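Since the model is a prediction, treat every value here as computed from it, not as a measurement.
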Amino acid sequence: MCETRAVTARIPAAEPLVGRFIRLTPFVPDDVPELAKALRKPAVFAGGYGGGPAGLPADDAAFERFALSYYAGGPLALPWTVRLQGGDHDGRVVGATKFADLDLTNESAHIGWTAYDPRVWAGGVNVEAKLLLLGMAFDHGFGRVKLQADSRNERSRAAILRLGATFEGIARRHKIRADGSWRDSAVYSILVDEWPEVRAGLEARLVARGDDPVQLVGA
């Protein structure tokens, strides 16, 4: 007799995730003006975010249209706004990300659509954001979390590997870029059995950066 396997994955509540250096708040349209200040920059779109350099919105109105579409929620998507926690810039919006493609039956999800203000690229923001999001995913019964990047984006690919993710391969001709060319995507994943080791590595990196709040370099 075939037994039905119990599905353990469940959709998290859209509630703030608070860390030492950042907090993730559920994305709302009112966040868009601050996101535009943080993200409407050539350096952010250069690596493939938003379809690549050609996807850079020309003005704030265009960015609003982009952001409202890119960070749309729904029953299987949880978009987040990334804010600094503590220090002189407490509450400042420095990025956005999304926990989506939630497949409860197969206990899989995708963390992506991620970008940060270049002034915090080296401040531990991404490390803590992934620590919070991965913890949420595995605490809610997910068994596999996917991360991916444009295959050309060596900086993002290296950052994903430093998180402790495993490279799975290249999804060829995966999606179209804003300039009309076809993007190959480098696909990575973290499994629930790997999470304790990955979590320890992320926590160690945060300890190593010290206790000082994240600063906006060049602000």
request  = Examine Val93 and Trp113 and state if one hydrophobic cluster contains both, with Ile, Leu, Val, Met, Phe, Trp and Tyr joined whenever side-chain heavy atoms are less than 4.5 Å apart.
outcome  = yes
ask   = Going hydrophobic residue to hydrophobic residue with side-chain gaps under 4.5 angstrom, can you get from Tyr188 over to Leu102?
value = yes
inquiry  = As an exercise, state the distance from CH2 of Trp121 to CG of Asn126, rounded to the nearest 0.5 Å.
reply    = 11.5 Å
query = Is NZ or CZ of Arg40 both nearer than 6.0 Å to the six-membered ring centre of Phe66 and within 45° of the ring axis?
reply = no
inquiry  = Nearest 0.5 Å, please: how far is CZ in Arg23 from CG in Leu17?
reply    = 12.0 Å
task = Please say whether more than 12 non-hydrogen atoms of neighbouring residues, nucleotides or ligands are located less than 6.0 Å from CD in Glu154.
result = yes
ask   = Shortest non-hydrogen contact from Gly19 to Leu132?
value = N-CD1, 4.0 Å
Side-chain heavy-atom pair Glu107, Arg144 within 4.5 angstrom cut-off = no
key: Contact summary for Trp80 and Pro26, nearest pair of heavy atoms   = CE3-N, 3.7 Å
task = Check whether any side-chain heavy atom of Tyr116 sits under 4.5 Å from a side-chain heavy atom of Thr114, and report yes or no.
result = yes
key: Value rounded to 0.5 Å, distance of CZ in Arg119 from NZ in Lys41   = 4.5 Å
task = Of all the heavy-atom pairs spanning Gly73 and Pro79, show the shortest one and how long it is.
result = CA-CD, 3.8 Å
ask   = Any side-chain heavy atom of Leu131 within less than 4.5 Å of one from Arg20?
value = no
request  = Mind checking the CG-CD1 spacing from Leu84 to Ile22? Nearest 0.5 Å is all I need.
outcome  = 8.5 Å
inquiry  = Would the distance check show the side chain of Arg177 and the main-chain N or O of Trp182 forming a donor-acceptor pair, the cut-off being under 3.5 Å?
reply    = yes
ask   = Is the closest side-chain heavy-atom distance between Tyr49 and Asn153 below 4.5 Å?
value = no
remark   = For Ile160 and Ala149 the tightest heavy-atom approach is CD1-CB, 4.1 Å
inquiry  = Can you tell me how far apart NE2 (His110) and CD (Gln148) are? Round to the nearest 0.5 Å.
reply    = 4.0 Å
message = Please determine whether side-chain contact (heavy atoms from CB on, under 4.5 Å) holds for the pair Leu147 and Lys130, giving the CA-CA distance in whole Å, both sets of side-chain angles, and the decisive distance to 0.1 Å.
response = CA-CA 10 Å; Leu147 305 100; Lys130 293 303 189 291; 3.6 Å; yes
query = Same cluster for Val94 and Leu35 if Ile/Leu/Val/Met/Phe/Trp/Tyr side chains link at under 4.5 Å?
reply = no
message = Would you say Val28 ends up clustered with Leu39 if hydrophobic residues are merged whenever their side chains have heavy atoms under 4.5 Å apart, either directly or through other cluster members?
response = no
task = Please tell me if the side chains of Leu206 and Glu128 come closer than 4.5 Å, counting only heavy atoms from C-beta onward.
result = yes
request  = Could you tell me which non-hydrogen atom of Ala137 sits nearest to which non-hydrogen atom of Val145, and how far apart they are?
outcome  = CB-CG2, 3.8 Å
query = So, Asp150 side chain and Ser185 main chain: donor-acceptor pair closer than 3.5 Å or not?
reply = no
ask   = Within a strict 4.5 Å, meaning less than it, do heavy atoms of the Val187 and Lys146 side chains meet?
value = yes
task = Take His140 and Ile11, measure what side-chain contact (heavy atoms from CB on, under 4.5 Å) needs, and give me the verdict at the end.
result = CA-CA 7 Å; His140 284 80; Ile11 298 176; over 6 Å; no
ask   = According to a 4.5 Å side-chain heavy-atom criterion applied to Ile, Leu, Val, Met, Phe, Trp and Tyr, with indirect links allowed, do Leu191 and Leu163 form part of one hydrophobic cluster?
value = no
ask   = So, Arg92 side chain and Leu216 main chain: donor-acceptor pair closer than 3.5 Å or not?
value = no
query = In terms of ring plane angle, is the pair Phe142 and Phe99 parallel, tilted or perpendicular, where the classes change at 30° and 60°?
reply = perpendicular
inquiry  = Using 0.5 Å steps for rounding, measure from the CH2 atom of Trp195 to the CG atom of Leu202.
reply    = 5.5 Å
query = Does Lys37 come within less than 4.0 Å of Asp117, counting only side-chain N to carboxylate O?
reply = no
message = With a 3.5 Å distance limit and no angle check, can you tell me whether Gln85 reaches the backbone of Val18 through a side-chain donor-acceptor pair?
response = no
request  = Establish, yes or no, whether the cationic atom of Arg209 lies under 6.0 Å from the six-membered ring centre of Phe21 and within 45° of the ring axis.
outcome  = yes
Donor-acceptor contact below 3.5 Å, side chain Ser69 vs main chain Ala67 = no
task = Give the C-alpha distance, both sets of side-chain angles, the deciding distance and a yes or no for side-chain contact (heavy atoms from CB on, under 4.5 Å) between Tyr71 and Asp31.
result = CA-CA 11 Å; Tyr71 294 107; Asp31 294 338; over 6 Å; no
key: Polar side-chain atom of Arg157 near backbone of Ser151 as donor-acceptor pair, under 3.5 Å   = yes
ask   = Looking at the rings of Tyr70 and Phe27, which for Trp means the six-membered one, are their centres under 6.0 Å apart?
value = no
remark   = In short, Leu24 meets Ala129 closest at the heavy-atom pair CD1-O, 4.2 Å
task = State, with a plain yes or no, whether a side-chain heavy atom of Pro213 is found less than 4.5 Å away from one of Asp88.
result = no
